[in-house]
Every structure is written in structure tokens, then in C-alpha cells.
Protein chains: 2
Amino acid sequence: MSQIRRMNSAEPGFIAALDALLAFDNSTDVRVDAAVTEVLAAVRARGDAAVIEFTNRFDQLDVADMGALELPKAALQEALDSLTPEQRSALNIAAARVRTYHEKQLLESWSFTEHNGTRLGQKVTPLDRAGLYVPGGKASYPSSVLMNAIPAKVAGVAELIMVTPTPRGERNPLVLAAAAIAGVDRVFTIGGAQAVAALAYGTQTIPQVDKIVGPGNAYVAEAKRRVFGTVGIDMVAGPSEVLVISDGSGNPDWVAMDLFAQAEHDEVAQSILLCTSEAFIDAVAASVARLLPDMPRKEIIAASLDNRGALIKVASLNEACEIANRIAPEHLELAIEDAEPWVERIRHAGAIFVGHSSVESLGDYCAGPNHVLPTMRSARFSSPLGVYDFQKRTSIIHMSVAGAAELAPVAATLAYGEGLQAHAKSAEYRK
Amino acid sequence: MSQIRRMNSAEPGFIAALDALLAFDNSTDVRVDAAVTEVLAAVRARGDAAVIEFTNRFDQLDVADMGALELPKAALQEALDSLTPEQRSALNIAAARVRTYHEKQLLESWSFTEHNGTRLGQKVTPLDRAGLYVPGGKASYPSSVLMNAIPAKVAGVAELIMVTPTPRGERNPLVLAAAAIAGVDRVFTIGGAQAVAALAYGTQTIPQVDKIVGPGNAYVAEAKRRVFGTVGIDMVAGPSEVLVISDGSGNPDWVAMDLFAQAEHDEVAQSILLCTSEAFIDAVAASVARLLPDMPRKEIIAASLDNRGALIKVASLNEACEIANRIAPEHLELAIEDAEPWVERIRHAGAIFVGHSSVESLGDYCAGPNHVLPTMRSARFSSPLGVYDFQKRTSIIHMSVAGAAELAPVAATLAYGEGLQAHAKSAEYRK
């Protein structure tokens, strides 16, 4: 039985209580820190040999060389062939929709020419090579393979290398099938900080990548944080979050199940409802109590709702939007009868699900937009994973002789002002 | 007298020697690390009081409250009025060109509607508030204020807060004038890790920002690295770099001075020439020897060229482009007679300066593109600072009733496959 907390925005101290509810310590344990330091240094120094040692130790394997840790493409196709027609079809539909949506994100090069012939612009190029981390075990999600791999391939990344651990040799056929559909180029069955290190530094067998994306445990997250700069990384993610804004319309069972869907991820996931109607909040609480016992993951759901969930009465939808902007939630559902006008009031959210039919789980799998979204209030300054994360820009500066002559005195004046005489002279040479 | 090294790509071991030349240890000193830990914790816990204490201690001031550490807008205008007409005009021309260029980078929201009425898209919003760090002392550059502030204002950031230390009360009028021109909203005369902490966490006086940009010393860089996640940051930059590719055409004095312009930044800046002509390399070396004694910053230039510079003979322009892609330089000058066709060969660079008139120092100040560029090979995966760094995207998912019904079974199949039954149920409710 869940004891999800009730709050009211009219109570004194509400904002402080809300901030306390949102607070989450995402810092790294010192033991994780020390272990990651050792693994990164060993893989950097000894390459394949270190990767093999750590993999044998942590994944309880007994392999002698890296060849045994690479899956041939045929293994991916076999996994795809092994699925039920229903599963294969669902993966294919999801992949096609994700691809169509992400194709709209492609950045394009641009330039313009000035009156005197100077041409300025930006040239867009894909990354040469990207690495995709896929966890083994309980958090091994084929949907995550699609969401990370497809944007990279749409961007034009030439080589996409997936790493995924296979503890005691256990493979996840859905994950491998998703890799086949998404067009992953190579798969190594390695994980943990050693996999991140191999991708970041390169080994005799594993080529260095330019960016590493994908979720992972605390060791993987810390390793990614540490190799940032040597390679690019996506975000270091916090617990998953949903915020539902309700005007009291619709079905309370739907809202309860949407809160469950977030809560079932893990005990620190966060599900919050903001609602203008006290009666509807009561109805949602009753739905929670009635529906929870039948959920296979009811222990996780109850722990998550009790730890970090809340049903919050608000004065108005206006106020709800203000609170939403403060929270900057990863997922925001507008469970509102006429939801569309409220979209423009939201400045900060990873994804907005508009109206009663727009449930988060459709977005998690197959609506098309990415399910890798900014957590822990980082939607204030960052974006969903996208094609743009696998493209980068180069400034193009093609000065005409006349253009350079015209701007040389401007640059020289500013350079002398900064005490950089060689900057000034090199500009003046073009006058 | 500089002893810039000569290399030849045909020599055995060239790639290893090149990698050694490029290698740079950008890790943080343990003392810096400890000092930053203390400052961040103190400012987080005690706010204004801690900022005042550290500022008095590190900047040798004696102020009693934060009011004394905020500059009124009138002080910025006064600084602008105090400049020579030539300086004021140069700043205004540079700012106008930077603004015009960056306006082309604005991202726009988009959406599309499917046959059954489902609407999908991305909504683009600016950050609410950004922080701009401007160093005091020798590396205090007004051009840097323009390059960091203007993209933020073009993006639509509502409040831009600049922090800059004034050791012993010394202000830089060019920096303040640039802030006036760029439209900076508030200026605090604080610096170091304490300024970064104040912007990241907020204090009683200084509002929390969403992202912190701008260059700084080792303490500032480490503080930014540590607050990343709480706020966004731009890159943690390494030493500045230029790579010049020459076909032996043009004036060797120009090439020499362009190498000087990079080298004069500091002793670890990197200037490299790749040239197909041995005779031209000899001529550049002679120019270096002849021009260096007259440079006011000749000690820094000589140290930089000797430590990290190189004149490299290559077999062909094709090979030069391959090497450039390996280096992924911050600045790349194509000092080539017919340079334009070679642009498409370059996949990785922060900025490409095309042809003999396109000198880096014009780009540093007033060509229009940003001078904040990826260093240390990070152009493989990242981009110049731009308007897009001050905007972020939110996915929009507005499912129609028919659209949700159509996709619910797809989502449910995948959710059951992942063992997430509440995800499946919440989708099935919409069927």
C-alpha cells in the first residue's frame, strides 16, 4: 500500500517543501570513484589486455582474447529472426517512426556572401565514430538502443560501436535485434568503466570514438564524466521523472497508471501530480490504492511513490505551469481537457505530452521523439538527445581582399587594446 | 631566438611524434581541486557572506556587503564614454558584425501533423538566465565579452549576468564598455571559484543562472567542471591552437605573423604549419627569425613556438587535410592560392579561414563568427559557441485519439518485452 504524500501549494513553506522533494544527491560514491580511476588508467595503459581482465572478473567470463568479445553481425540478425512476429513488427514500427521524426532534426550548412565578396557561414559535419553503451541485466532496454542509435545513423555517423555486457554469457535477444534494426556497425560484449575507457581511448582492437552515449550504472556514469573532453558524452542522467498537470478532467485511473509507469523504473524515480481539483486528487489516490496490488512491480512502485512522489493541489492551471517551469521536468503530461493553449506557458521541460491521449509510454517507445531527455532540472538548459548531438559545426570565414582590408583596422585597434601586437600586425598585413 | 622544430611527414615515426606534440595534460592540480571544493561548499552554505570573504581575501579588497560588489549600469556607460572614438567605433563595428552573423544561427520550433491528427515537433526556448565569466588581469579581453554575450542576447536570454574580478579595485574600461555594447544586464565584480559558485547555486543577492560561459584560470575551469549538471557550462577550454596549411604560395611573413599571433597568447599555445614546399618552410623560418625580435611579446612567442610549435613538410595538400582531420584544430588557415576546393576535405576544425586574406585575427575580433572554439581535438565532436548554446529544445507529443489507439499495441508489446507492465497498461488504456 502506497503512502504517497499530499501537498497544497497554498500551505506556508510549500516552495521549500517542493525543493526538498526535488532534491537528489547525484554525487559519486568514493569507492566508485576509486574503482573507476583504476579501470580507466589500466585500459589506457594496457588496452585489450586490461579490458579482457576486467571483463572476465566483473562479468564472470573466461575469454582469452578480444575476438571472443565481439559479436558478428550475423548474431544480431539471428537475434532479430528469433523474435515473435509481433515483437519484430513492434520494433520495426518504432524504429521507422523514430527515424522519420529525427530526420526533421538534421542541421544544414549555411553561408552568406557580403557586398564585397566575403563569405561567412557554418559547415555541418557528422561525427566520424560514436559509441553506444547499453546496460546488461535488469535495465537492458531495446527501446534505448533505438533511441540512441537511430539519431546517430540519421546524422551520418560512419561507424557506430555498441558495447553491452553479457554477465555469465547471458545475451538479451531484444537488445541485439534492436541493434540490427538500428544499423549498429559493431558490437562488443563488454561493459562497465572498462567499456567506456576502451571507447574513449581506443585499444588495439576497439577504435577510439568521438562521443559516447547511452545510460549506465554509477560506474559507467562516473567513467563517462571522467573521459569527457577526450570524447564527447551525452548527459549524465539522474532518476527519471514525470510531472502530470491535471484540470480534474479525464479518468483518474489513467493518471494513476501514468504515475506508476514512471515509478516502476526504480525506487528513486519521481512521479508528481499537480491538480486544480481536490476531488480529482482523491479519485487518483483511490485509483492508486485500487490498482497498485495488481502491478507486478508493486514494491518498486510503492517505494518510489512514497519516497519521491506527491499529489499536489494547486490554485490554478496558471500556477501549475509556473511550478512546472520551476521543476523543469523530464516528462510533462498536460492531462487537461483543452490542453493545447497551455503548451506555450511551459518554458522548461524535456518533453510535453499534450492532452489525455498523449501518454508518456507512447513517447518512451514509438511516438517518434527521443526518450533520452534532460533530468534533474537540466531541461532549463539542455535538450532531448537528437541528431544534432551527432553533428557539429565548423565556422567558415572566407574574406575577400577588399573585406580583409576594410576590417583590418578594426581588428588591429581591438588587438592593440588587448596588448596582442602580433594579432594586430597579422591583420594589418592584409590591409 | 626561436628554435621551432622542423618535421617531415615522410619520416618514420611521424604520427607518433605528431601525437606527442599535440598531447597536453589538462588535468587539475590537487591543490586547485581542494581549494575549489572548499569555495563551492562555503558559497553554497553561506551565500553572500562567503562570496564577500573570498573576494576580500583573493582580490585584496575591503568591502562589507554585496552592494559594493555590483556595478551600476551607469558605470558601464561611463566606461564606454571614456574610450577613444576609434576604440568605441571598433567595438561597435565588431559587435554589429557578430550580431548579424549569429542571428543566422537562431533555431526555430517546428512540428508536423500526421494523417490521423497526431502532431509531433520540437519547441525551442531560450534560457531564462545566463552567467558570463570574464577574467581580470592579463587575460581580460573585451572581444571575449562580445563573443559570449551577443549570442546569449540574440537567443533571447532574459537576464545576462557578468562576473569579473577587480583585483585591488582595478577595472578594465574596455571590458565594461564591451558589456555596455553587448547588453549585459547586471555586473558583479567578483571572480574565481566563488563567482562560479554564486552563479551556479545563487546567493541572497546573486540569482541562480541556468548556464555559465566564458574563459577563466584553473580555479574557474575546475569550478565550472564541478557545477556542471546543476547548471550548463560551455567547454572547459585547453590552450589555443592554429594550424596553417600552405601550398607555398603567398607571403612567408604573413604565415610567420599568423603563427606568432597564436603563440603570443601564452607559453602553451600551439602554432603548426603544414606545407608542401621545403623552400617555403625555409622562408617562413627566416621570417620568424627576422620578425620575432621586434615583437613586444617575443619571450612568450619564442617559448610557445619552441615548446609546442612545428613547421612540417608534407607530401601533398591531400595529406595535409588528412593530418588536419587528425588534429581537429581550433583554428585552421588554408593559406592556399585556390583554397575554396579544399574546404570540403576538412571534416574536423573549429573554424576554417579560407585563403590568404582570411587571417585568424580578423575572426578573433570582427569577422562575425564566434572566437570561442573547441580546442584539444574536441572539434571532432563539438562546435563553436553559438546562439544554439543559449536555446534548448522540448519535444512536443500531441497524440490524437486515433493515433494513440493505433500505437498503443506497439508500445505495449515493447513494454511487456522490457518487463515494464505499468508502461504497457498506461498505453493500453488509450486503445
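Hydrogens, waters and symmetry mates play no part in the numbers below; they use all other heavy atoms, side chains included. Per chain, numbering begins at 1; letters A, B, ... match sequence-line order.
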Contact between B:Cys366 and A:Leu407 at the side-chain level, heavy atoms closer than 4.5 Å - yes or no? yes
Neighbour count above 12 (heavy atom, 6.0 Å) for B:Glu103 CD: yes
For A:Ser395, is it the side chain, the backbone, both or neither that has a heavy atom under 4.5 Å from a heavy atom of chain B? both
Could you verify whether a donor N or O on one side chain and an acceptor N or O on the other, from B:Ser426 and A:Glu360, lie under 3.5 Å apart? no
Contact origin within A:Ser400 toward chain B - heavy atom pairs under 4.5 Å: backbone
Distance in Å, B:Ser357 OG paired with A:Met399 CE, rounded so as to fall on 0.5 Å steps: 8.0 Å
Proximity breakdown for B:Asn325 and chain A, heavy-atom pairs closer than 4.5 Å: neither
Point-to-point distance, once rounded to the nearest 0.5 Å, from OG of A:Ser382 to NZ of B:Lys392: 9.0 Å
As a test of understanding, state which of A:Arg129, A:Gln208, A:Lys211 forms a side chain to side chain contact (heavy atoms under 4.5 Å, CB included) with B:Arg380. A:Gln208
I'd like to know whether B:Met257 forms a side chain to side chain contact (heavy atoms under 4.5 Å, CB included) with A:Glu428, so could you lay out the CA-CA distance, the side-chain angles of the two residues, the decisive distance to 0.1 Å, and finally the verdict. CA-CA 10 Å; B:Met257 193 58 71; A:Glu428 286 172 339; over 6 Å; no
Chain B heavy atoms under 4.5 Å from A:Trp110: which part of the residue, side chain, backbone, both or neither? side chain
Do A:Thr413 and B:Gln87 have side-chain atoms, one donor and one acceptor, less than 3.5 Å apart? no
Give, as side chain, backbone, both or neither, the part of A:Val157 having an atom under 4.5 angstrom from any heavy atom of chain B. neither
With a cut-off of under 6.0 Å to the ring centre and 45° to the axis, is B:Arg393 in cation-pi contact with A:Tyr388? yes
Taking the side chain as everything from C-beta on, heavy atoms only, tell me whether A:Arg225 gets closer than 4.5 Å to B:Phe228. no
Is it the case that atom NZ in B:Lys425 sees more than 12 heavy atoms from other parts of the structure closer than 6.0 Å? no
Student check: side-chain heavy atoms of A:Ile396 and B:Val343 closer than 4.5 Å: yes
Okay, B:Gln122 and chain A: the region with an atom under 4.5 Å from a heavy atom over there is both
Indicate yes or no: does B:Arg119 engage A:Glu340 in a salt bridge with an N to O separation below 4.0 Å. yes
Can you say whether B:Lys104 sits under 4.5 Å from chain A via the side chain, the backbone, both, or neither, judging by heavy atoms? both
What one should report as the nearest heavy-atom pair of B:Thr394 and A:Ala349 is OG1-O, 2.7 Å
Contact origin within A:Asp253 toward chain B - heavy atom pairs under 4.5 Å: both
So for B:Ile93, is it side chain, backbone, both, or neither that comes closer than 4.5 Å to the heavy atoms of chain A? side chain
Using a 4.5 Å cut-off on heavy atoms from C-beta on, say whether the side chain of A:Tyr429 contacts that of B:Asn251. no
Check step by step if side chain to side chain contact (heavy atoms under 4.5 Å, CB included) holds for B:Gln421 and A:Phe260. CA-CA 9 Å; B:Gln421 298 88 355; A:Phe260 288 0; over 6 Å; no
Using non-hydrogen atoms only, which part of A:Leu420 is less than 4.5 Å away from chain B: side chain, backbone, both, or neither? both
Chain A contact via B:Leu107 - side chain, backbone, both or neither, heavy atoms under 4.5 Å: side chain
Please lay out, stage by stage, how B:Arg97 and A:Glu114 fare under the test side chain to side chain contact (heavy atoms under 4.5 Å, CB included). CA-CA 11 Å; B:Arg97 291 188 61 89; A:Glu114 299 188 312; 2.8 Å; yes
How about B:Glu86 and A:Pro409: do any of their side-chain heavy atoms sit closer than 4.5 Å? no
Donor-acceptor side-chain pairing of B:Asp210 and A:His348 below 3.5 angstrom: no
The interface call for B:Thr125 against chain A, heavy-atom contacts under 4.5 Å, is side chain
Please classify the contact between A:Ala379 and chain B as side chain, backbone, both or neither, with a heavy-atom cut-off of under 4.5 Å. backbone
Contact part of B:Asp364 toward chain A, heavy-atom cut-off under 4.5 Å: side chain, backbone, both or neither? side chain
Heavy-atom cut-off 4.5 Å, strictly under: side chain, backbone, both or neither for B:Leu291 against chain A? side chain
Would you call the rings of A:Tyr101 and B:Phe112 parallel, tilted or perpendicular if under 30° counts as parallel and over 60° as perpendicular? tilted
Measure B:Arg377 against the heavy atoms of chain A and call it side chain, backbone, both or neither at under 4.5 Å. side chain
Atom OH in B:Tyr365, atom CG in A:Leu414: separation rounded to 0.5 Å? 7.0 Å
